[in-house]
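For reference, the structure discussed in these notes is given below.
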Amino acid sequence: MDGLFAVITIAFTIIFFKLFYMQILSYPYYRALSNTNSLRLIPERAPRGIITDRNGEVLATNVPTYSLFLVPAELKTYESTLVRLSQILEEPLADLETLVEGRRRTRKFEPIRLQSHLDPDTVAQIEENRVRLPGVYIQMEPERYYPHGELASHIMGNIGEISEDDLIRLKDNGYNVGDWVGKKGVERTYDRVLRGENGGVQVEVDASGVQRRTLAYKDPVQGQTLVLSIDWKLQKLAEDLLGDQVGAAVVTNPQTGEILAMVSKPNYDPNSFVSGISYKEWNGLLKDPNHPLENRAIQGQYPPGSIFKLVTTLAALEEGVINLTKNTVFLCRGIYWYKTWPYRCDKTTGHGWVNLERAIVESCDIFFYQLGLQVKVDKIYHVARQFGLGSKTRVDLDSEVAGLVPNPRWKEATQHMPWFPGNTIQMSIGQSYLLATPLQMLDATSGYAMNGKIYRPHLLYKVIDPNTGRTLFEKQPEVLQEADVDPKYLAFIRATMEKVVSSDSGTGKKARIAGIRVAGKTGTSENPHGDAHSWFTAFAPAEDPKVAVIVIVENGGYGAIVSAPIAKRLMEQSLGQDVTPWQMTPTPSTTPGATPLATPPATPVVAEPTPTAKGQ
């Protein structure tokens with residue numbers, strides 16, 4: 001036992017003296033050796049996946065560029081290095097200090113990207129000063145590039161260097177400091193598909209940060225190819241047709257939910273964000289009164305105007321207020337008085353005695369004022385919700401809004417006021433507190449076309465392996481919801497929408513296409529901040545819908561004059577027809593022509609109601 005104790009004592013004594021020699025006596029030697037050579041992992045960013053339209057047209061790709069990096073832990077002469085970099089990059093010294101100082105305290109061994117898209121002169125200056133810039137290096141990286149510039153910018157979105165908030169949000173998905181991530185649009189939604197897998201080089205550097213030798217290398221793996229459902233030619237036509245007007249247009253296949261085009265005007269160039277947008281340019285975008293960064297197709301909330309009359313119609317039919325077998329009529333004199341409040345029709349001299357079909361075809365407001373009061377708001381609310389209004393469409397884009405379908409409970413909870421009959425009167429023609437996005441109203445249109453079935457709108461078409469060309473995923477149609485409405489009422493809506501376009505008295509006749517049955521509805525929604533907004537929605541062919549479209553032009557006036565001709569040309573392009581030559585300046589909006597009151601019909605007439613003050 002004594003012998004074992006002696007052996008253990010000797011062993012520990014040897015270990016102690018060895019540690020004392022290495023850590024105390026030989027510390028200067030090993031410290032110098034450590035300072036002389038160290039290992040650095042230089043990450044190599046993977047090229048993002050290519051984005052194409054459904055026909056293979058490239059919408060987003062990558063180009064090689066030089067970027068400048070700095071490793072805070074390897075800064076040997078902190079002040080002088082940053083001063084020299086400030087002079088070379090022509091960047092304020094304070095900005096560089098702020099950027100580097102934050103990382104020195106948290107992630108000092110991780111490279112900081114100081115600047116992207118270096119020009120050849122800057123690269124040459126950095127290389128000339130390499131010895132005096134310890135911890136600084138240049139690396140070639142793939143840079144995002146959008147060859148069509150502003151085209152489909154709200155669909156594409158933009159990318160940017162990962163932020164601290166992004167790192168927290170994506171911490172479990174393998175993201176690192178310095179990565180580029182999608183910030184908006186499909187770049188954000190499908191970032192994990194597009195980002196690829198970074199590679200890197202492990203190198204040995206000396207005390208000055210100069211590379212001595214390469215120890216290991218891992219190839220980066222490019223992201224997968226994202227194929228969108230849009231047709232870039234149709235997208236370009238839509239953007240050209242809207243021109244400088246503020247508004248939105250969306251084209252879909254109602255049988256699948258595929259988005260064929262989505263335009264929001266004004267738009268912006270996503271290339272501006274790739275290498276870091278300047279403060280001046282960013283501030284300009286934020287302060288632009290027309291809000292170019294807003295995707296009006298899914299974020300613009302508008303009163304839908306007369307295109308909502310189809311919802312009121314279905315509510316009335318479902319409630320039994322009006323019957324398809326009887327020629328129920330209301331009288332329109334151009335102005336409708338409810339107690340002491342006047343409500344007007346666009347046709348100032350009135351439409352005369354109007355039945356349901358004519359009220360839709362000619363868009364008579366006063367007919368729907370009286371109809372809405374009989375239906376009551378709760379039924380209108382119920383049908384609107386069945387067609388997706390008041391809920392997000394769940395399109396595969398970020399920042400979509402839900403719109404608003406009001407009812408008495410909502411008003412009492414938010415406005416602290418009761419619901420008045422005047423609210424029902426206005427809501428029956430798509431006004432009042434009612435708000436919807438263009439995509440929501442297009443979903444409703446698709447629901448009419450597809451006998452109540454609404455497919456989830458989507459931009460994803462396919463995901464393809466860039467190396468093999470093999471399809472990894474193909475998006476299948478997905479039913480979003482199905483309205484519980486009698487099919488015969490939906491058949492009436494489709495037939496009447498067709499007459500809106502085909503009839504000589506129809507408000508949508510400017511959307512006619514030779515040889516194609518088009519079903520549509522115009523809308524002109526009041527705008528408290530200026531001229532009325534111009535709406536038009538349609539689908540075609542009416543007997544077997546292959547395309548559905550919606551157009552809104554802010555402050556555009558009558559939908560029949562401004563938006564319908566745009567929708568017509570988009571449908572022509574979608575259906576493979578010759579696109580009618582476009583007159584870029586639409587005919588100025590005018591009040592529809594007046595005609596005298598018609599003689600009262602012999603069929604039954606519904607008397608003007610005297611509703612109660614609540615629940616209408």
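Heavy atoms only: backbone and side chains are in, while hydrogens, waters and symmetry mates are out.
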Exercise for the section: Look up atom CE in Met497 and atom CZ in Arg517, then write down how far apart they are to the nearest 0.5 Å. Expected result: 13.0 Å
Problem - Arg296/Glu554 ion pair, N-O < 4.0 Å - result: yes
Completion exercise
Smallest heavy-atom separation, Val405 atom then Ala384 atom, equals CG1-CB, 4.0 Å
Problem - From Leu237 atom CG to Asp231 atom CG, the distance as rounded to the nearest 0.5 Å - result: 10.0 Å
Handout entry: Phe368 ring center near Phe330 ring center (under 6.0 Å)
Key = no
Practice task
Using the side-chain contact (heavy atoms from CB on, under 4.5 Å) rule, take Ile360 and Lys521 through it: C-alpha gap first, then chi angles, then the decisive distance, then the call.
Solution key: CA-CA 8 Å; Ile360 295 172; Lys521 184 68 188 81; 4.2 Å; yes
Handout entry: Electrostatic pair Asp191-Lys183, nearest N-O below 4.0 angstrom
Key = no
Handout entry: Val551 and Thr537: CA distance, side-chain angles, deciding distance, side-chain contact (heavy atoms from CB on, under 4.5 Å) verdict
Key = CA-CA 6 Å; Val551 177; Thr537 188; over 6 Å; no
Problem - Residue pair Pro254 / Tyr455: nearest heavy atoms and the distance that separates them - result: O-CD1, 3.3 Å
Practice task
Classify the ring geometry between Phe387 and Tyr448 as parallel (under 30°), tilted (30 to 60°) or perpendicular (over 60°).
Solution key: tilted
Exercise for the section: Verify whether one side chain among Thr507 and Ser363 offers a donor that lies under 3.5 Å from an acceptor in the other. Expected result: no
Handout entry: Ser272 (side chain) donor-acceptor with Tyr268 (main chain) under 3.5 angstrom
Key = no
Exercise for the section: For Asp165 and Ser163, test the side chains for any donor-to-acceptor distance below 3.5 angstrom and give the result as yes or no. Expected result: no
Handout entry: Under 3.5 Å donor-acceptor, Asn267 side chain and Glu150 backbone
Key = yes
Handout entry: OG1-CG distance between Thr313 and Leu371, expressed to the nearest 0.5 angstrom
Key = 6.5 Å
Practice task
Scan side-chain atoms only and decide if His382 and Gln386 contain a donor-acceptor pair under the 3.5 Å cut-off.
Solution key: yes
Problem - Trace of the side-chain hydrogen bond (donor to acceptor under 3.5 Å, both in side chains) decision for Arg456 with Thr393 - result: CA-CA 7 Å; Arg456 180 179 177 180; Thr393 68; over 6 Å; no
Completion exercise
CG of Leu480 to CD1 of Ile454, rounded to nearest 0.5 Å, is 6.5 Å
Problem - Pair Lys392 + Glu400, salt bridge at N-O below 4.0 Å - result: no
Handout entry: Heavy atoms from other residues, nucleotides or ligands near NZ of Lys236 exceed 12 (cutoff 6.0 Å)
Key = no
Problem - Side-chain donor-acceptor pair present, Gln235, Glu239, cut-off under 3.5 Å - result: yes
Practice task
Go through the steps for His148 and Leu59 under the test side-chain contact (heavy atoms from CB on, under 4.5 Å), then give the verdict.
Solution key: CA-CA 7 Å; His148 293 288; Leu59 304 176; 3.9 Å; yes
Handout entry: Check: Leu260 main-chain N/O paired with Ser229 side-chain donor or acceptor under 3.5 Å
Key = no
Problem - Leu460 side chain reached by Leu228 side chain, heavy atoms, under 4.5 Å - result: no
Practice task
Determine whether more than 12 heavy atoms belonging to other residues, nucleotides or ligands lie under 6.0 Å from atom CD of Glu526.
Solution key: no
Exercise for the section: For the residue pair Tyr336 and Cys345, establish whether any side-chain heavy-atom pair is separated by less than 4.5 Å. Expected result: no
Practice task
Check whether any side-chain N or O of His533 sits under 3.5 Å from a backbone N or O of Pro303 as a donor-acceptor pair, and report yes or no.
Solution key: no
Handout entry: Student check: side-chain heavy atoms of Pro406 and Asn423 closer than 4.5 Å
Key = no
Exercise for the section: Report yes or no: does Lys509 contribute a side-chain atom to a donor-acceptor pair with the main-chain N or O of Ser503 at less than 3.5 Å? Expected result: no
Practice task
Report yes or no: does Asn407 contribute a side-chain atom to a donor-acceptor pair with the main-chain N or O of Arg409 at less than 3.5 Å?
Solution key: yes
Handout entry: Greater than 12 external heavy atoms within 6.0 Å of Asp544's CG
Key = yes
Practice task
Look up atom CG in Leu314 and atom CD1 in Ile493, then write down how far apart they are to the nearest 0.5 Å.
Solution key: 4.0 Å
Problem - Within-4.5 Å side-chain heavy-atom neighbours: Ile380 and Phe308 - result: yes
Handout entry: Any Tyr558 side-chain heavy atom under 4.5 Å of Ser534 side chain
Key = no
Practice task
Provide the closest heavy-atom pair for Lys379 versus Glu318 in the form atom of the first, atom of the second, distance.
Solution key: CE-CB, 3.5 Å
Practice task
Can you see which heavy atom on Leu575 is nearest to which on Pro541, and at what distance?
Solution key: CD2-CD, 4.1 Å
Handout entry: Lys309 with Asp365: basic N within carboxylate O range, under 4.0 Å
Key = yes
Practice task
Identify whether the distance between the nearest side-chain nitrogen and carboxylate oxygen of Glu572 and Lys568 falls below 4.0 Å.
Solution key: yes
Handout entry: Residues Glu357, Lys499: salt bridge by 4.0 Å N-O rule
Key = yes
Problem - Heavy-atom side-chain proximity of Ser574 to Leu234 below 4.5 angstrom - result: yes
Practice task
Tell me yes or no: between the side chains of Thr312 and Ser428, is some donor less than 3.5 Å from an acceptor?
Solution key: no
Practice task
Ignoring hydrogens and angles, tell me if any N or O in the side chain of Glu281 forms a donor-acceptor pair with the backbone of Phe273 under 3.5 Å.
Solution key: no
Problem - Under 3.5 Å side-chain donor-acceptor pair for Tyr190 and Asp396 - result: yes
Completion exercise
Only one of Leu310, Leu389, Ile552 passes side-chain contact (heavy atoms from CB on, under 4.5 Å) with Met441, and that residue is Leu389
Practice task
Specify the closest pair of heavy atoms between Ala248 and Leu242, including all atoms of both residues, with the distance to one decimal.
Solution key: C-CD1, 4.0 Å
Problem - Approximate separation, where rounding is to 0.5 Å, of Leu241 CG and Arg569 CZ - result: 7.0 Å
Exercise for the section: Ignoring hydrogens and angles, tell me if any N or O in the side chain of Gln299 forms a donor-acceptor pair with the backbone of Asn295 under 3.5 Å. Expected result: yes
Exercise for the section: Just do the side-chain contact (heavy atoms from CB on, under 4.5 Å) check on Lys411 and Tyr433 with the steps written out, would you? Expected result: CA-CA 9 Å; Lys411 189 180 180 188; Tyr433 300 101; 3.4 Å; yes
Practice task
Keeping the roles fixed (side chain from Arg494, backbone from Tyr489), state whether a donor-acceptor pair exists under 3.5 Å.
Solution key: no
Handout entry: CZ/Arg169: more than 12 non-hydrogen atoms of other groups inside 6.0 Å
Key = yes
Handout entry: Under 3.5 Å: donor-acceptor pair, side chain of His291, backbone of Leu293
Key = no
Handout entry: Side chain proximity check, Ser306 to Thr522, heavy atoms < 4.5 angstrom
Key = no
Exercise for the section: Answer yes when Asp486 and Lys488 have at least one side-chain N-carboxylate O distance shorter than 4.0 Å, and no when they do not. Expected result: yes
Practice task
Identify the heavy atoms of Leu439 and Pro457 that sit nearest to each other, and give their distance.
Solution key: CD2-CG, 4.0 Å
Problem - Residue pair Ile513 / Met571, side-chain heavy-atom distance below 4.5 Å - result: yes
Exercise for the section: Classify the side-chain pair Thr437/Gln301 by whether it contains a donor and acceptor separated by less than 3.5 Å. Expected result: no
Handout entry: Arg54/Glu258 salt bridge by N-O under 4.0 Å criterion
Key = yes
Exercise for the section: For the residue pair Ser502 and Arg512, confirm or rule out a side-chain donor-acceptor distance under 3.5 Å. Expected result: no
